[in-house]
Novice: 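Below you will find the structure I want to go over with you.
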Amino acid sequence: MSIVKNLSRTLTQLLQSPGCGCQTSIVPVRCIGVSPRQVTSDASFHSVSFSETDHPRVLITGGLGQLGVGLAKLLRKRFGKNNVILSDIRKPPDDVFYNGPFIYSDILDYKNLREIVVNNRITWLFHYSALLSAVGEANVPLARAVNITGLHNILDIAAEHSLRLFVPSTIGAFGPTSPRNPTPDLCIQRPRTIYGVSKVHAELMGEYYHYRYGLDFRCLRYPGIISADSQPGGGTTDYAVQIFHDAIKNGKFQCNLKSDTRLPMMYIDDCLKATLDVMEAPAASFSMRTYNISAMSFSPEELVQEVKKHIPELQVTYNVDAVRQAIADSWPMNFDDSNARRDWGWKHDFDLSELVTTMFNILGSDSRVAQIN
Ligand SMILES: NC(=O)C1=CN([C@@H]2O[C@H](COP(=O)(O)OP(=O)(O)OC[C@H]3O[C@@H](n4cnc5c(N)ncnc54)[C@H](O)[C@@H]3O)[C@@H](O)[C@H]2O)C=CC1
Ligand SMILES: CC(=O)[C@H](N)C(=O)O
């Protein structure tokens, strides 16, 4: 009984202390760092808080995919090369291996993940491992394991070690019953892919851990991301990257979506900038923990027109992939990101024409700009 009284007194003091940062209306366990998973006492609560170091110590999971290497480059510029560790289950190419710390990490291996976080005194975690929409439909058990079980491991490790955690969500977290034009942050989410279901689960679990355990969870719903020097990992929006490679290589492109399929898209630099911005934003600026971000929205036909300004002789045919088309038809056409713009100042730099010009500048030494004037 006296222990309970003491605990209650301590809690009251904590809640009244100005440094606590907790509102009394929120479940107070966050202030005492209750761990969501039973761990041995010597393994818990050894985290180094951000204020104890000059820079965050960062781990990126699934870092060898389309987005991770670019993210590592950006974060290393900001926080120093050795403060950012890339991890994946694949073998890194030479340029990645020799450009900064790389470590093997399977997110399904909880103990190994915890060891990495502890030994490297990680304070920020960017959780990029996932199976994307099209490959997820091709292997549902694996997608369920990686996207859901893997996420549970990440959430528990992050909560136990007081990490700041970024988990990307996607336009794919919405479904045919969501408003599609535009899609707001808060609306019905009934996706029909395992990818989408796992991402809604991630959004809800992250927010639950935030309120229940005080986890500093931050989440952005990315549109389809377009990049020049990294390949997409098997999604529905992949066509918008492939067109550049095929146009340059052989002047022909076969599109697997219908010409008028409109989806939100973004250039990779904007996506990575938003990711760093939301991680650096003061928590007090957030009115929610999961935000839509948007830059542009286009159909294959509109992208083709823009690409043809650089390669006028490009020949395009349409050979629709039924699985991808059904997915795309259930996704947002336009994304409403007004909350991100208002709360923490999100602003994109690249529109469609800048994106296409930039892609050709990077990829297309032999692309020819048409005389359009
Ligand atoms: N690229 C895009 O257009 C978008 C991406 N996102 C999200 O951003 C994140 C990163 O996306 P991408 O880089 O495009 O994905 P990607 O598919 O290119 O890369 C995912 C990486 O996860 C790794 N991985 C798979 N199983 C793993 C395991 N058991 N343990 C550790 N790593 C494992 C893979 O080896 C791969 O390198 C994902 O969560 C994705 O859902 C969200 C919306 C759009
Ligand atoms: C939009 C995404 O999440 C991804 N690129 C996919 O198409 O699966």
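Scope of the values below: all heavy atoms of this structure, side chains included, with no hydrogens, waters or symmetry mates. Every number for a ligand or one of its atoms is a count from 1 in the order of the listing.
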Novice: Could you go step by step and tell me if E203 and R221 meet the salt bridge (Lys or Arg N to Asp or Glu O under 4.0 Å) rule?
Specialist: CA-CA 9 Å; E203 294 175 6; R221 295 193 189 102; 2.7 Å; yes

Novice: May I ask you to decide whether E280 forms a salt bridge with R78, counting only side-chain N to carboxylate O separations under 4.0 Å?
Specialist: yes

Novice: Applying a 4.0 Å heavy-atom criterion (strictly less than), which segment of R90 is in contact with ligand 1: side chain, backbone, both, or neither?
Specialist: side chain

Novice: Determine whether any heavy atom of W331 lies closer than 4.0 Å to an atom of ligand 2.
Specialist: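 Checking ligand 2 against W331, which is what was asked, there is a heavy-atom contact under 4.0 Å.
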
Novice: Any N or O on Y222 sitting closer than 3.5 Å to an N or O of ligand 2?
Specialist: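 N/O-N/O distance below 3.5 Å does not exist for this pair.
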
Novice: Please list, in number order, the atoms of ligand 1 under 4.0 Å from a heavy atom of S105.
Specialist: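 Under 4.0 Å from S105, ligand 1 has these atoms: 30 (N), 31 (C).
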
Novice: Between D349 and K273, is there a salt bridge with N-O shorter than 4.0 Å?
Specialist: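 Here K273 pairs with D349 in a salt bridge, since their nearest N and O are under 4.0 Å apart.
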
Novice: With heavy-atom distances below 4.0 Å as the criterion, list the atoms of ligand 2 near S133.
Specialist: 6 (C), 7 (O), 8 (O)

Novice: Answer with side chain, backbone, both or neither: which part of Y195 has a heavy atom less than 4.0 angstrom from an atom of ligand 2?
Specialist: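 For Y195, only side-chain atoms sit under 4.0 Å from ligand 2.
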
Novice: What orientation do F298 and Y239 show, parallel under 30°, tilted 30 to 60°, or perpendicular over 60°?
Specialist: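 Answer is perpendicular, since the angle exceeds 60°.
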
Novice: For atom 2 (C) of ligand 1, which of I171, L71, I60, I225 has the closest heavy atom?
Specialist: I225

Novice: Name the option, out of I327, T237, I225, that contains the heavy atom nearest to atom 5 (N) of ligand 2.
Specialist: T237

Novice: Test of understanding: given a 4.0 Å heavy-atom threshold, classify the contact between D106 and ligand 1 as side chain, backbone, both, or neither.
Specialist: both

Novice: Measure the acute angle between the ring planes of F79 and W124, then classify it against the limits of 30° and 60° as parallel, tilted or perpendicular.
Specialist: perpendicular

Novice: Is the number of heavy atoms from other residues, nucleotides or ligands within 6.0 Å of CZ (R144) greater than 12?
Specialist: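 No, because the 6.0 Å sphere around CZ of R144 holds 12 heavy atoms or fewer from other groups.
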
Novice: I need the nearest protein heavy-atom contact for atom 20 (C) of ligand 1: residue, atom name and distance, please.
Specialist: A130 O, 3.6 Å

Novice: For atom 30 (N) of ligand 1, which candidate among I226, T61, I107 provides the closest heavy atom?
Specialist: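 The residue whose heavy atom sits nearest atom 30 (N) of ligand 1 is I107.
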
Novice: Short list, please: which atoms of ligand 2 are under 4.0 Å from a heavy atom of T170?
Specialist: 1 (C), 2 (C), 3 (O)

Novice: Provide, to 0.1 Å, the distance between atom 19 (O) of ligand 1 and the closest protein heavy atom, together with that atom's residue and name.
Specialist: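 Looking at atom 19 (O) of ligand 1, the protein heavy atom closest to it is G65 CA, 3.2 Å.
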
Novice: Evaluate F253 against Q242 for side chain to side chain contact (heavy atoms under 4.5 Å, CB included), listing each step before the verdict.
Specialist: CA-CA 8 Å; F253 174 62; Q242 196 58 42; 4.1 Å; yes

Novice: Check each atom of ligand 2 against the heavy atoms of G235 and keep those under 4.0 Å away; list them by number with element.
Specialist: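 Atoms satisfying the 4.0 Å criterion: 6 (C), 7 (O), 8 (O).
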
Novice: Please compare N153, I89, V167, L64 and report which has the shortest non-hydrogen distance to atom 27 (C) of ligand 1.
Specialist: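 Nearest heavy atom to atom 27 (C) of ligand 1 lies in I89.
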
Novice: If hydrogens are left out, which of Q231, R221, Q66 has an atom nearest to atom 18 (O) of ligand 1, that is, the closest non-hydrogen atom?
Specialist: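 Looking at heavy atoms only, the winner is Q66.
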
Novice: Could you check whether W346 and D277, counting side-chain N and O atoms only, form a donor-acceptor pair closer than 3.5 Å?
Specialist: no

Novice: Going by distance alone, is a donor N or O of one side chain under 3.5 Å from an acceptor N or O of the other, for Y222 and T275?
Specialist: yes

Novice: Look at the rings of F286 and Y291 and say which category their plane angle falls in: under 30° parallel, 30 to 60° tilted, over 60° perpendicular.
Specialist: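 Taking Y291 first and then F286, their aromatic rings sit tilted (interplane angle of 30° to 60°).
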
Novice: What is the closest protein heavy atom to atom 11 (O) of ligand 1, and at what distance does it sit?
Specialist: L67 CD1, 3.9 Å

Novice: Checking contacts here: is it the side chain or the backbone of K199 that comes within 4.0 Å of ligand 1, counting heavy atoms only? Could be both or neither.
Specialist: side chain

Novice: Show the atoms of ligand 1 that are less than 4.0 angstrom away from any heavy atom in P168.
Specialist: 7 (C), 8 (O), 9 (C), 39 (O)

Novice: Going by distance only, is there an N or O of H127 that falls short of 3.5 Å from an N or O of ligand 1?
Specialist: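 In this structure, H127 places no N or O atom under 3.5 Å from an N or O of ligand 1.
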
Novice: Taking only heavy atoms of D88 into account, list the atoms of ligand 1 that are under 4.0 Å away from them.
Specialist: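 Heavy-atom distances to D88 below 4.0 Å select 21 (C), 23 (C), 32 (N), 34 (C), 35 (O), 36 (C), 37 (O).
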
Novice: Below a 4.0 angstrom heavy-atom separation, can you tell me which part of T236, side chain or backbone, both or neither, approaches ligand 2?
Specialist: both

Novice: If the cut-off is 4.0 Å to any non-hydrogen atom of T170, which atoms of ligand 1 fall inside it?
Specialist: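 So the answer, numbered in order with elements, is 42 (C), 43 (C).
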
Novice: List every atom of ligand 2 that sits less than 4.0 Å from any heavy atom of L132, numbering the atoms from 1 in the order shown and giving each element.
Specialist: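 So the answer, numbered in order with elements, is 8 (O).
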
Novice: Should we count CZ of R192 as having more than 12 external heavy atoms under 6.0 Å?
Specialist: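 Atom CZ in R192 is not crowded, with 12 or fewer foreign heavy atoms closer than 6.0 Å.
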
Novice: Any salt bridge linking K111 with D109? Criterion: basic side-chain nitrogen under 4.0 Å from a carboxylate oxygen.
Specialist: no

Novice: Looking at E313 and K308, does any basic side-chain N land under 4.0 Å from a carboxylate oxygen?
Specialist: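 No, E313 and K308 are not salt-bridged.
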
Novice: Working note: I157 + Y110, criterion side chain to side chain contact (heavy atoms under 4.5 Å, CB included); need CA distance, chi angles, decisive distance, verdict.
Specialist: CA-CA 8 Å; I157 301 263; Y110 174 80; 3.6 Å; yes

Novice: Run down the list S198, P232, S129 and name the one with the heavy atom closest to atom 32 (N) of ligand 1.
Specialist: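 Comparing heavy atoms across S198, P232, S129, the nearest one to atom 32 (N) of ligand 1 lies in S129.
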
Novice: Which bit of D238 is near ligand 2, meaning a heavy atom under 4.0 Å away: side chain, backbone, both or neither?
Specialist: neither

Novice: Go through the steps to decide whether I107 and N153 satisfy the test side chain to side chain contact (heavy atoms under 4.5 Å, CB included), and finish with yes or no.
Specialist: CA-CA 7 Å; I107 57 158; N153 288 341; 5.7 Å; no

Novice: May I ask you to identify, for S87, whether its side chain, its backbone, both or neither come under 4.0 Å of ligand 1 on a heavy-atom basis?
Specialist: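 It is neither; nothing of S87 touches ligand 1.
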
Novice: Indicate yes or no: at least one non-hydrogen side-chain atom of F102 is less than 4.5 angstrom from one of D88.
Specialist: yes

Novice: Relative to the heavy atoms of S169, which atoms of ligand 1 are at a distance of less than 4.0 Å?
Specialist: 42 (C), 43 (C)

